[in-house]
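Have a look at the structure below, then the notes.
The sequence lines fix the lettering, A, B, ..., with proteins before strands; numbering per chain opens at 1.
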Amino acid sequence: MDLAYSAEYDDFRSEVQQFLKEHGHKSPKGRMGWGKTDDEGRSWQQLLIEHGYAARTIPKEYGGYGAEADVLKNHIIAEEFVKAKARPGHSGDPRLVPTLLELGTEAQKKAYIGPTISGEMTWCQGYSEPGSGSDLASLSTKAVLEGDEWVINGQKIWTSGAQYADMIFCLVRTEPDAPKHQGISYLVFKMDTPGIEVRPLVTMTGEAIFNETFYTDVRVPKDQIIGARGEGWFVANATLKHERGSLGDPNQLETRFGALVKMLKSEKIDGKPLIKYPAYRDRLLQLQARVLSMKCNGMRILSASIKDQEPGLCRWIVKLLGCELNHQMAALAIDAMGELGVLYEDSPYLRDYGMWQRNYMLDLGLIIGGGTAQIQKNMIGERALGLPKEPKYKD
Amino acid sequence: MDLAYSAEYDDFRSEVQQFLKEHGHKSPKGRMGWGKTDDEGRSWQQLLIEHGYAARTIPKEYGGYGAEADVLKNHIIAEEFVKAKARPGHSGDPRLVPTLLELGTEAQKKAYIGPTISGEMTWCQGYSEPGSGSDLASLSTKAVLEGDEWVINGQKIWTSGAQYADMIFCLVRTEPDAPKHQGISYLVFKMDTPGIEVRPLVTMTGEAIFNETFYTDVRVPKDQIIGARGEGWFVANATLKHERGSLGDPNQLETRFGALVKMLKSEKIDGKPLIKYPAYRDRLLQLQARVLSMKCNGMRILSASIKDQEPGLCRWIVKLLGCELNHQMAALAIDAMGELGVLYEDSPYLRDYGMWQRNYMLDLGLIIGGGTAQIQKNMIGERALGLPKEPKYKD
Amino acid sequence: MEFALSEEQRLLQDSVTRYLESQCTLDHVRAAVENEVTKHTEVWNGLSDMGIHGIIIPEDFGGVGLGFLEAALIAEALGRTVAPVPFIASCVMAPVAILAAGNASQKDIWLPKIASGETVFGVGVSEQVGRRETNGIQFSDGKLTGKAMFVLEGMSADMLIIADDKGVMHIVDANAKGVTRRNLKTIDKTRAVAEVVLENAAADTLSGSQNNTEALLKTIDTGRLMLAADTLGASEVMIEKAVAYAKERKQFNRVIGSFQAVKHMCAEMATELEPCRSLVWYAAHSVNHIPDESRLLACHAKAHLSEIGRFVAKTSTEVHGGMGFTDLLGLHYWFKRIGLDRQLLGAPELIREEAAVAQGW
Amino acid sequence: MEFALSEEQRLLQDSVTRYLESQCTLDHVRAAVENEVTKHTEVWNGLSDMGIHGIIIPEDFGGVGLGFLEAALIAEALGRTVAPVPFIASCVMAPVAILAAGNASQKDIWLPKIASGETVFGVGVSEQVGRRETNGIQFSDGKLTGKAMFVLEGMSADMLIIADDKGVMHIVDANAKGVTRRNLKTIDKTRAVAEVVLENAAADTLSGSQNNTEALLKTIDTGRLMLAADTLGASEVMIEKAVAYAKERKQFNRVIGSFQAVKHMCAEMATELEPCRSLVWYAAHSVNHIPDESRLLACHAKAHLSEIGRFVAKTSTEVHGGMGFTDLLGLHYWFKRIGLDRQLLGAPELIREEAAVAQGW
């Protein structure tokens, strides 16, 4: 147990701080990620890549910085960027780029990785379908090889960013007679290909964060497949795992907890701050213990990752607990605010830009999305605790 | 919605009150039920039967009072006996006697019902086995017909009262090759039959409320079967339902809640009553809402029963919610008492005879016993909400 | 002894429910919400034709003179269909205030107009539950000055009942000089709350509320009771929708309701909600028949239904998976209805504290 | 940057755990409990041989001079085996009190005796958490008079640390004139608490606790931390036992762990407990290395582990079905261990209030 950093890393931190001091003012406002792009954002990203604060471990030949993987340095970069309120750099879509690096052909890597990390080429993901949520592998969007082209027909949902993405990486069924996990292929193609229709999908928050996308005789060159035909499930899955671990970031929990405390101190009933009401305070303290324990759990994961160890259970639980905890923080904020807590959109007297109600709903979406709580518990029970799967059923 | 009683029932209530005023002093102390018996208890029970306050609807020819079934009169009797702190009368083991009345032969009714309701003959139940809990129908205690006798071998568990019961009603497997629900028979026999061994089963409360019972070549006359051979599951099941509905009595919830409030008012930290601590008080109020809603739910069940209607969901939920609510009341009591809350047995400073810790554990036993919470939820989901059973699986 | 709805009560609720299910469809709700309409919709007028506006108003004043249990049954039906109508403020709270504290002439004037649907009342009593912001209303010389927030149905109302700093209630013309109203947008667009700023606005005092708080408390309590019934109805539907979805939606080649996890989520919702129905009935019944208990019961009904409603709203959404999170099925209208009910007239912790005080704890 | 146990720490915990698993079996626990023995058992002596008694005592005083993280690892191992030994009071709280507030001679005399196992200390500081009953201790003229309740390991102790009404701590000979001890029976027979009545009992004041409460608070906080670690260990085992039972027990022709309901109960227990381990580590680490944070962390570790421990104890018992409710598997020893830990030195609500105060909320 040694929470200090060695000299190498202290030096590295100083470097990052120095960089931010010099260049931080160039950072565009707002936290725009790999999904959307703008001119200002692209030149900031370029600057970060040059200094090794973005696309850090992507090889130079594909436009990255080409450093050795170092979890702690990544962590330091992330921490310092948050502190300086600078927009963090990215390494392209985190589900796509590692997949390309691992399984793409040399031509594919060359064609896609560079533009993706520079922000010239943006992506959306075509995995889920209306009929295939938890049971993703049952997806039914079809691709049939006709000559040198895949012809795609079907529908995807939850396609975030589809309205401005240049490209999509997409799972399609290419072998209709194979067992469901073995009949899928992983295709990449342009979003302006004829036959693609994008419809905004409004969620309960009132915003269209996602889309439905429809594919009618969409023709895609044969070689735009990543990995082998019929192996798309396994191509996609290596990176799905990655996504699951990344939700429920402990820094984000702490930040939100801080906002909650601040609100409870400033808002009053009959002139008395909410935090002085024991029923709210006791709930707040229960949440604080959870936030602290998730923070410690996060340090443990980081520490294991540094040593390239599999963190095990402490990583498996992050999504399940993190999303729920966020949801509960929003719930307490709403309760304590009383009638002010229901205000929304651009209402007068709106507090914190309406983030508590919005988060209360968004967090529920996150509890459901990317593996529902029930699927998470199955995985923890089966993979972490070794409990048996449900027996096979007679059809 | 009319919570008043009609004149007939008001009169009946006065009668009961009058009886209790005259005879109440003869009631033995303590709440001993149909399971155990004593001289004083038997003569009290006899008096109650004569007046129609016990074995009320059991036909006269079997030693009962022979009245028409009247749910409301039963309810009034129960209420008045509680108010007067008089020991309530009984109608024998509630799982056995209705079964005998419905499915017993005339000879069986004659032989068993009278002595049972008078308290001369006491019973224990032999259903559960160590290997058969939630899956009761998988029971493996065997009975083989040899000449005019059943020869029983096996083991039962949770046999409460086995150490002083005269008789047992017992499920045994008589058709080993039949499907599991169709191979069971319902036998009744004397507990002093050779080959029966009773071992006290100590529970987490430290008491031996239950027993394990062992059967080695126990010989029982052929005709001591209730219902047909192989139909024991169905014989037993009609009455199991009965038992499930009866747990989680709302009066008992109110009584316990009253005790909880009283304790929170009298116990103090640094001189301040616990009920003045908002964190405890808020939990208390949440429980109060639940107790009130269960009380109202109970009135609704009663009301439906009076009209001979199936109460539906509001009966299904009683065990699940009632046991949990009792458990939570005990939990709050323990928490609020702080270190005093862990005292047990005959410790100095023990509060309320240690009932809070004892109940905390007993209630957990009740959550598990008589259909675990999980089994209850399956039943509610499938029978009340019509959700499909799990599909059959391949062996 | 009968703890159940009478034949008449069942018929009343069935007919209102049937009417709402046919007229107050999701499409109707979506359209009304888009136009920010909560009065003079066909549904509101249709309810008027059924006599719903005067449900608790005595026959002498043109109403149908039924009790709060009947009103709760209506509120439940409205909650079931997330009906965008000002029932709670205008047909329950305002008549309660006028009946309990109004003089003969106030009753004669306003109760028949409420019952006939001619006038819609908004109600501003939130400051009496706990003052947020720098709101508060002063009364002097027959005029009101100050700011009332979270005035129920404040935008759609013709007339307002406003409680001042001392807890005295007054009738104010919503369109009079010195009255400025501003919509406060909430998550739930099926009902509206408003900020009302008064500057020497003429007030017609409900004099029965001058010397004691009984009338004010009864106004708040019956409002809470109706919110509880509204949540009951909305929660019922969320459970029904979840169960129906669980029977129909397939994943892994099985309907998801055959998975124990989903089945138990449905069972838990149904289990938690079922006793709530009895609690709401009893609490509503008590207003007319067991007044000594009604304050405590109204507090508990509101607070407890808020807690169970939140659990149901969340769980039902989870059972619906991603679909529950979208606007496609419109499930969020019920989610948000329950969310607004929870906060209006006091969120659970505050109300439970009132319940403690009511018992001398 | 390393948030993990060092190789030495892992070895220490492994060796203690292995020793306890082989020696402190359920049979040993049952026997010790029957005889109400918590000191001078073979296990206690064996731990002494391993140097555990002096784990936090500096080498200068005959200890091994390790930190509170090491002590927490021991406490966790003891909780795993529900070991009936007076570790928390005698090997952690008493040395903390003496180190923080004792003079040179008190340290010289007592610390080596604790480390060697010659002397067992009990600790009575409960009144500083919240006074129940009419207890309380007055100090004057070098003598103590009054009643201390819930003195940890009060019966088995040779010496006692007793806090008086002003929060000043004193060393008292448990067998001296004027000291009367009485066993308070609790649900958990693996550790003992006692009532200690003092009548002009000679007291050797820890003078460092006279002018500030730092030493007293540190004594309580480290005690809480050890109770949290104890609960962590006991909860781990309850989960392991539940998972093992779920893999082995068959109902309906399937092992019950293949049912989603049972699987999810196990998953929920594991999920809730896992971050607790990190919290306990960090809280223990902070006592030595981040003292500014250690008060808050000790409060949270104790309160949070109490809540999660209760959930695990209940859920694990449910997974075991009827067997969990009997004495046959002995599961209840862990259940009750967690139950006692929860209440000692402040139940969760009280401790959370302290955490609020510590942050100025």
Side-chain angles (χ1 to χ4, degrees), chain B residues 1-6 9 72 75-76 250 261 264-265 273 275-276 278 281-286 288-304 306-307 309 312-318 320-321 373-374 376-382 384-391, chain C residues 1-6 9 67 69 239-240 242-243 246-247 253-260 262-285 288-290 293 296-297 299-301 303-305 307-308 348-349 351-353 355-356 359 361:
Chain B
M1 205 77 164
D2 177 5
L3 306 184
Y5 289 78
S6 69
Y9 291 100
L72 197 46
H75 180 72
I76 289 168
V261 171
L264 290 172
K265 285 179 171 175
I275 203 166
K276 294 294 181 193
R281 186 168 59 219
D282 195 57
R283 280 175 66 185
L284 181 69
L285 286 156
Q286 292 184 49
Q288 186 177 37
R290 290 186 168 275
V291 171
L292 281 170
S293 61
M294 290 305 285
K295 176 187 162 179
C296 298
N297 189 68
M299 286 195 274
R300 199 157 141 232
I301 295 173
L302 175 66
S303 189
I306 291 170
K307 287 185 281 185
Q309 295 166 344
L313 190 54
C314 64
R315 192 204 284 278
W316 285 101
I317 61 167
V318 167
L320 188 57
L321 286 182
Q374 289 65 49
Q376 300 284 328
K377 289 177 195 173
N378 277 354
M379 291 202 305
I380 292 167
E382 289 163 16
L385 304 179
L387 290 165
K389 284 181 175 274
E390 290 197 68
Chain C
M1 156 66 204
E2 181 166 36
F3 191 96
L5 300 184
S6 68
Q9 287 163 340
L69 179 51
I239 297 173
E240 290 163 16
V243 169
K247 286 179 183 172
N253 278 328
R254 289 164 56 179
V255 292
I256 60 171
S258 72
F259 285 101
Q260 221 179 8
V262 175
K263 186 179 293 173
H264 286 194
M265 288 164 91
C266 292
E268 284 163 14
M269 286 192 280
T271 299
E272 290 286 8
L273 191 66
E274 190 57 23
C276 292
R277 177 187 311 283
S278 308
L279 179 63
V280 168
W281 285 359
Y282 187 65
H285 176 77
N288 295 106
H289 301 284
I290 324 170
E293 293 184 24
L296 181 64
L297 286 164
C299 288
H300 272 315
H304 188 55
L305 265 292
E307 303 289 16
I308 302 303
E349 272 90 355
I351 296 197
R352 284 195 294 265
E353 270 305 291
Q359 299 174 84
W361 289 357

Exercise: identify the closest heavy-atom pair between B:E390 and C:S258: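 Taking every non-hydrogen atom into account, CG-O, 3.5 Å.
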Exercise: identify the closest heavy-atom pair between C:P275 and B:L321: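 So the minimum-distance heavy-atom pair works out to CG-CD1, 3.5 Å.
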Leading residue by heavy atom contact count with chain C [cutoff under 4.5 Å; candidates B:P273, B:G312, B:S293, B:G381]: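 The candidate making the most pairs under 4.5 Å is B:S293.
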Which of B:L284, B:D282, B:I380 touches chain C most, by non-hydrogen pairs under 4.5 Å: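 The candidate making the most pairs under 4.5 Å is B:D282.
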Salt bridge C:E2-B:K307, side-chain N to carboxylate O under 4.0 Å: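 B:K307 and C:E2: salt-bridged.
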NZ/NE/NH1/NH2 to OD/OE distance under 4.0 Å, C:E272 and B:R290: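 Salt bridge present between C:E272 and B:R290.
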Please state whether the side chain, the backbone, both or neither of [X] comes within less than 4.5 Å of a heavy atom of chain C.
{"X": "B:L302", "result": "side chain"}
{"X": "B:L313", "result": "both"}
{"X": "B:L3", "result": "both"}
{"X": "B:I306", "result": "side chain"}
{"X": "B:R300", "result": "both"}

What distance separates [X] [atom1] from [Y] [atom2], expressed to the nearest 0.5 Å?
{"X": "B:M294", "Y": "C:S278", "atom1": "CE", "atom2": "OG", "answer": "9.0 Å"}
{"X": "C:H300", "Y": "B:C296", "atom1": "NE2", "atom2": "SG", "answer": "11.0 Å"}
{"X": "B:N378", "Y": "C:K263", "atom1": "CG", "atom2": "NZ", "answer": "5.5 Å"}

Tell me, do [X] and [Y] make a side-chain contact under 4.5 Å, heavy atoms counted?
{"X": "C:Q359", "Y": "B:L285", "result": "yes"}
{"X": "B:Y9", "Y": "C:M1", "result": "no"}
{"X": "B:L292", "Y": "C:Y282", "result": "no"}
{"X": "C:W361", "Y": "B:Q288", "result": "yes"}
{"X": "B:R281", "Y": "C:R352", "result": "no"}

Proximal component of [X], with respect to chain B [non-hydrogen, under 4.5 Å]:
{"X": "C:V255", "answer": "side chain"}
{"X": "C:L296", "answer": "side chain"}
{"X": "C:R254", "answer": "side chain"}

For chain B, the option from C:S6, C:A355, C:A356 that forms the most heavy-atom pairs under 4.5 Å: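 That would be C:A356.
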Listed partners of B:K389 passing side chain to side chain contact (heavy atoms under 4.5 Å, CB included), at least two apart: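 Expected list: B:E382.
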Those residues that, when tested against C:E240, pass salt bridge (Lys or Arg N to Asp or Glu O under 4.0 Å) (two or more places apart):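 C:E240 satisfies salt bridge (Lys or Arg N to Asp or Glu O under 4.0 Å) with C:R80 once adjacent residues are dropped.
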